[in-house]
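Keep in mind it's a predicted model, so treat the numbers as computed, not measured. Values below: all heavy atoms of this structure, side chains included; hydrogens, waters and symmetry mates excluded. In this chain, residues are counted from 1 in sequence order.
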Amino acid sequence: MTEGSNRQRVLDFLNVLYSGDIEAALERCTDDVESLANAPIDILPHMGHRRGKAELREMWEAVRARYSELRCEVPTLVTEGDKAAAFIRVFFRKNINQRMVQFDIAGFYTLRGGKISHIREVIDTFDLVQQLLERDVAAILTGRRPDPI
C-alpha cells in the first residue's frame with residue numbers, strides 16, 4: 001500500500017462518515033476496528049472506547065441522532081506507511097436549537113489491509129462541553145461572573 005492510497009482511504013472514510021453514511025464508513029474499517037475518543041462520558045456517554053463495527057455503529061448513530069447536520073474540513077493529513085494523522089475541523093448543528101457547534105479533532109488512524117483498524121481522537125473537550133452546554137464553564141469553575149452574551 002502506498003502512503004498516497006492510505007491518505008485517500010482516510011479522506012474517503014471521513015467524507016462518508018460526516019456525510020452521514022455510517023454503513024459506508026464501516027465498510028472502510030476492519031471487523032475488529034478499535035476507537036478511542038477522549039471525552040467526559042458523563043456528558044458525552046456515546047464517546048470513549050469502542051471495539052468492533054457494532055459498537056462504532058452505535059456511537060455514530062447516537063451522534064447522528066443529536067445533530068441535524070454534520071460536516072468536516074481536513075486542512076492537514078499526513079501519512080507514513082500504515083499510519084495517518086489528520087487535523088479535522090468539525091461542524092455539528094444541534095437538533096435541539098439549530099446552533100452550530102464547531103471544534104477540532106486530532107485524528108490518528110492505523111490501516112491494515114487497506115482498511116482502518118484503529119482510530120484515536122483527541123478533542124478539546126473543554127471547549128466542546130462549553131458549546132454543548134452553552135455555558136461559560138470557566139466562570140462556573142472559578143466562581144467568577146460570566147460575561148454577558
Side-chain angles (χ1 to χ4, degrees), residues 5-79 83-112 114-142 144-149:
S5 60
N6 283 340
R7 182 183 195 286
Q8 192 58 52
R9 285 181 178 99
V10 171
L11 284 173
D12 290 346
F13 166 76
L14 293 169
N15 285 332
V16 297
L17 177 62
Y18 286 98
S19 73
D21 192 344
I22 293 171
E23 293 308 314
L26 289 169
E27 288 172 11
R28 289 163 170 79
C29 297
T30 60
D31 290 337
D32 63 343
V33 63
E34 192 168 345
S35 175
L36 178 62
N38 69 309
I41 58 173
D42 292 345
I43 298 170
L44 302 165
H46 55 280
M47 302 298 286
H49 186 239
R50 300 284 182 250
R51 208 174 264 155
K53 288 184 177 183
E55 289 186 13
L56 258 65
R57 179 183 294 108
E58 180 182 300
M59 175 179 63
W60 292 337
E61 286 175 348
V63 170
R64 293 293 310 171
R66 293 178 177 175
Y67 303 97
S68 60
E69 175 188 342
L70 281 70
R71 65 184 173 86
C72 76
E73 297 171 357
V74 185
T76 306
L77 175 60
V78 179
T79 58
K83 307 279 188 204
F87 172 73
I88 309 161
R89 174 143 297 150
V90 178
F91 305 86
F92 289 0
R93 185 170 305 281
K94 294 168 65 174
N95 280 336
I96 199 164
N97 61 9
Q98 297 305 304
R99 287 191 183 200
M100 187 65 77
V101 175
Q102 173 187 325
F103 59 98
D104 298 328
I105 299 174
F108 302 93
Y109 306 89
T110 302
L111 291 95
R112 185 175 69 232
K115 294 188 175 196
I116 294 172
S117 61
H118 287 85
I119 303 167
R120 171 73 165 106
E121 295 179 327
V122 180
I123 304 166
D124 179 354
T125 55
F126 186 84
D127 178 50
L128 176 58
V129 167
Q130 282 196 132
Q131 291 182 64
L132 292 175
L133 297 177
E134 299 176 21
R135 304 258 191 288
D136 184 349
V137 175
I140 295 167
L141 293 173
T142 61
R144 72 173 166 79
R145 291 186 52 181
D147 295 328
I149 296 178

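A heavy-atom distance below 4.5 Å is not found between the side chains of L111 and T30. The side-chain heavy atoms of L14 and Y109, taken from C-beta on, include a pair separated by under 4.5 Å. In this structure, the side chains of N38 and E121 stay at 4.5 Å or more apart for every pair of heavy atoms. At a threshold of 4.5 Å between non-hydrogen side-chain atoms, the residues E73 and I88 do not count as touching. Between V33 and S117, the closest side-chain pair of non-hydrogen atoms is not below 4.5 Å.
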- Query: What do the steps show when you test N6 against R9 for side-chain contact (heavy atoms from CB on, under 4.5 Å), and what is the final call?
  - Reply: CA-CA 5 Å; N6 283 340; R9 285 181 178 99; 3.2 Å; yes

- salt bridge (charged side-chain N to carboxylate O under 4.0 Å, His left out) between D32 and R112: does it pass, once the steps are laid out? CA-CA 11 Å; D32 63 343; R112 185 175 69 232; 2.5 Å; yes

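Ionic pairing of R50 and E58 is not present here: no N-O contact between side-chain nitrogen and carboxylate oxygen is shorter than 4.0 angstrom. Ion pairing of K53 with D31 is present here, as a side-chain N (NZ or NE/NH1/NH2) and a carboxylate O approach within less than 4.0 Å. One finds a salt bridge joining E34 and R51 here, because a Lys/Arg side-chain nitrogen approaches an Asp/Glu carboxylate oxygen to under 4.0 Å.
Ring geometry for F92 against F103 counts as perpendicular: the plane angle is over 60°, on a 0 to 90° scale with 30° as the lower cut.
Scanning all heavy atoms of the two residues, the minimum distance from A84 to T79 falls at CB-CG2, 3.7 Å. When all heavy atoms of N95 and A65 are compared, the pair lying nearest together is ND2-O, 2.6 Å. The shortest non-hydrogen separation linking S68 to Q98 is OG-OE1, 3.5 Å.
Side-chain atoms of R99 never come within 3.5 Å of backbone atoms of K94 as a donor-acceptor pair (strictly under, hydrogens ignored).
Side-chain polar atoms of D21 and S19 form no donor-acceptor pair below 3.5 angstrom. Between the side chains of H49 and E55, no donor-acceptor pair of N or O atoms lies under 3.5 Å.
In this structure, R71 satisfies the cation-pi test against F91, with its NZ or CZ atom closer than 6.0 Å to the six-membered ring centre and inside 45 degrees of the ring normal.
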